[in-house]
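Since the structure comes first, as structure tokens, the remarks are kept for the end.
Labels below follow one simple rule: chain letters A, B, ... track the order of the sequence lines, proteins then strands, and each chain is numbered from 1. Here the structure is a predicted model, which means the values were calculated and not measured.
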There are 2 protein chains.
Amino acid sequence: MDEASFLAGYDPRAYPSVAVTVDVVALTIRDGKLCVLLVERGEQPFAGHRALPGGFVREETLDEAALRELAEETGLTSGEAAGELDRVHFEQLRTYGNPGRDPRMRIVSVAYLAFAPHLPEPTAGSDAAHAYWVPVEEAKDLAFDHDQILADGLERARDKLEYTPLATAFVGTDFTISELRQVYAAVWGEELHAGNFHRKVLSVPGFVESTGETAARGGERGGPKAKLYRAGDARLLHPALLRPTREDRVR
Amino acid sequence: MDEASFLAGYDPRAYPSVAVTVDVVALTIRDGKLCVLLVERGEQPFAGHRALPGGFVREETLDEAALRELAEETGLTSGEAAGELDRVHFEQLRTYGNPGRDPRMRIVSVAYLAFAPHLPEPTAGSDAAHAYWVPVEEAKDLAFDHDQILADGLERARDKLEYTPLATAFVGTDFTISELRQVYAAVWGEELHAGNFHRKVLSVPGFVESTGETAARGGERGGPKAKLYRAGDARLLHPALLRPTREDRVR
DNA sequence: TTGAGTAAGACTCAGGTTGAGTAAGACTTA
DNA sequence: TAAGTCTTACTCAACCTGAGTCTTACTCAA
């Protein structure tokens with residue numbers, strides 16, 4: 001039965017009311033670690049627990065609701081700072097709506113995944129004072145089913161790194177191959193062979209293009225100045241950068 | 001802002017009410033063609049148009065709602081026939097909730113993807129009399145944003161065939177490699193090299209396992225009796241069966 | 001019954017991609 | 001200045017790929 005025939009034959013008020021929210025899994029890399037944006041809960045249920053940022057959907061698209069929530073939580077709502085959000089990659093993750101996931105009422109939550117190059121620490125004193133970046137391995141015991149949502153988001157992020165140029169959303173407009181490799185290492189949680197990574201990135205058409213420039217200085221502990229690149233126009237990587245196979249992913 | 005702080009600070013009734021539905025993109029293969037289950041709309045809006053089956057979410061999980069809708073539309077609700085639904089693969093596709101996607105009220109729809117080996121034609125006289133299987137290339141001008149939902153579902157199906165043993169959900173419990181190849185050909189819309197496909201399927205650990213049996217007869221127009229296989233225990237295919245690269249997928 | 005056509009499945013081969021390793025040279029800090 | 005780090009380029013063997021050939025087993029129609 002589709003929406004229309006339902007509406008013709010049933011009274012929507014015969015069913016319990018449902019609320020629709022968005023929750024955002026916002027990821028960034030800080031100090032070489034993959035971090036997620038969390039908010040501190042002050043009220044029951046789950047008072048004292050941390051949760052993913054989110055909120056009710058208003059008269060706006062779901063995408064707009066997710067972007068608005070992220071902007072509010074990071075404090076990036078005003079003019080200049082809001083421009084940083086332009087470089088954030090946004091995509092819908094999946095929807096969570098089991099009865100009982102919120103103890104108070106039926107809430108269907110559309111989860112989003114956001115990848116940010118380097119958003120500032122939410123500033124104290126603002127609306128966003130209760131939000132902060134947490135390394136993903138420390139993000140446990142979240143409120144509601146947010147542990148599951150975070151886990152699903154991380155899995156999606158790791159997958160998309162293989163087939164899409166998503167990693168370029170985590171670095172600045174100009175970056176070195178080494179910086180890009182550190183993104184993969186942080187998200188996948190394992191080191192990559194620098195030489196092979198270099199070869200593969202440059203062999204994928206449209207992944208990166210040279211700026212002709214060179215980094216201002218070498219690495220922190222030595223090494224030559226690396227060449228600078230910017231994101232190319234590819235939307236899919238071919239061939240893909242497959243992560244080292246793990247048998248436990250297969251069965 | 002998360003759900004709890006919203007609920008504490010705002011009155012949900014201050015926002016327009018939102019209804020939550022599920023829509024199902026149910027795919028099967030009939031006569032070598034990929035087909036989708038559609039229902040005929042008798043009422044405005046979109047009277048005379050076809051639509052994806054779907055309906056309101058009740059006191060059940062989203063997954064249960066999608067399964068229930070599919071069962072109702074196909075008429076597979078009673079004892080024995082309902083068993084056929086056990087072999088249907090189900091997964092959430094994505095959620096569509098733009099204001100205005102339904103002209104009457106704000107409706108957020110969680111779309112599901114279903115893959116069925118060979119569900120019967122919905123029988124006339126039942127509740128499902130207005131539902132039927134349509135080859136996907138003939139499924140145009142659907143109601144609401146269902147063209148988009150179908151397109152997204154097809155893209156997902158084509159992708160998942162590469163990395164997962166999903167194709168086995170389209171065939172019987174016992175099948176030949178050739179039948180499996182025809183599934184790939186139907187979903188991807190292109191012929192595959194029989195020898196290479198054979199080699200690759202058998203080389204992927206856990207994709208298929210031999211039954212030791214042989215098909216009762218050869219192909220319709222000749223050829224030897226093929227060996228029979230059943231689905232293995234792999235959940236991811238490694239190495240993947242990548243479809244022939246198309247440049248237009250990349251940029 | 002036989003011959004033509006079809007398909008399953010095993011094989012070959014050239015070309016490309018892979019992970020692993022080596023090496024030269026540019027740069028850092030101590 | 002010395003020791004260590006890092007980018008980048010290279011080599012190599014192993015593997016995977018698409019394209020094609022071949023044998024054998026079967027169906028169908030004459």
Does the ring center of Phe170(A) lie less than 6.0 Å from the ring center of Phe175(A)?
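No, the ring centres sit 6.0 Å or more apart.
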Between Phe197(B) and Tyr184(B), does the ring centre distance come in under 6.0 Å?
yes
Nearest-nucleotide check on DNA chain C, Lys200(A) vs Gly219(A); residue mapping nearer the 5' end is Lys200(A)
Could you check His193(A) against Gly223(B) and say which one's nearest nucleotide on DNA chain C is further toward the 5' end?
Gly223(B)
Looking at Tyr96(B), does the NZ or CZ of Arg94(B) lie under 6.0 angstrom from its six-membered ring centre and within 45 degrees of the ring axis?
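Positive - Arg94(B) is close enough to the ring of Tyr96(B) and near enough to its axis.
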May I ask you to say what Gly218(A) touches in the nucleic acid, namely base, sugar-phosphate or nothing, with a heavy-atom cut-off under 4.0 Å?
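Gly218(A): backbone/sugar contact only, no base atoms under 4.0 Å.
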What is the nucleic acid contact for Ser178(B), judged by heavy atoms within less than 4.0 Å: base, sugar-phosphate only, or nothing?
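It contacts sugar-phosphate atoms only.
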Short side-chain N/O contact to dT8(D) OP1/OP2 from His198(A), under 4.0 Å:
yes
dA25(D) phosphate, OP1 or OP2, under 4.0 Å from Arg221(B) side-chain N/O:
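Answer is no, no contact under 4.0 Å.
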Paired nucleotide for dT24(D) [Watson-Crick or G-U wobble; both distances under 3.5 Å]
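Base partner found: dA7(C).
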Scanning all shown strands, the Watson-Crick or wobble mate of dA13(D) with both distances under 3.5 Å is dT18(C)
Mind calculating the distance between [atom1] ([X]) and [atom2] ([N]) to the nearest angstrom?
| X | N | atom1 | atom2 | answer |
| --- | --- | --- | --- | --- |
| Arg181(A) | dC6(D) | CZ | C1' | 9 Å |
| Leu242(B) | dC15(D) | CG | P | 19 Å |
| Phe197(B) | dA19(D) | CZ | P | 15 Å |
| Arg199(B) | dA19(D) | CZ | P | 11 Å |
| Lys227(B) | dA25(D) | NZ | C1' | 13 Å |
| Gln182(B) | dA7(C) | CD | C1' | 11 Å |
| His238(A) | dG16(C) | NE2 | P | 13 Å |
| Glu220(A) | dC6(D) | CD | C1' | 12 Å |

Between Thr214(A) (side chain only) and Lys225(A) (backbone N and O only), is there a donor and an acceptor less than 3.5 Å apart?
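Not a single qualifying donor-acceptor pair exists.
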From CA spacing to verdict: side chain to side chain contact (heavy atoms under 4.5 Å, CB included), Thr95(B), Gln92(A):
CA-CA 8 Å; Thr95(B) 296; Gln92(A) 193 183 300; 3.3 Å; yes
Quick one: which of [options] gets closest to the side chain of [X]?
| X | options | answer |
| --- | --- | --- |
| Ile177(B) | dT29(C), dA9(D), dG9(C) | dG9(C) |
| Asn196(A) | dT27(D), dG9(C), dG19(C) | dG19(C) |
| Pro224(A) | dT7(D), dA8(C), dT27(D) | dT7(D) |

Between Pro239(B) and Lys225(B), which residue's closest nucleotide on DNA chain D lies nearer the 5′ terminus?
Pro239(B)
Name the residue closer to the 5' end of DNA chain D, choosing between Gly195(B) and Leu202(A) according to the nucleotide with the nearest heavy atom.
Leu202(A)
Arg68(A) and Glu72(A) ion-paired at < 4.0 Å:
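So Arg68(A) pairs with Glu72(A) through a salt bridge.
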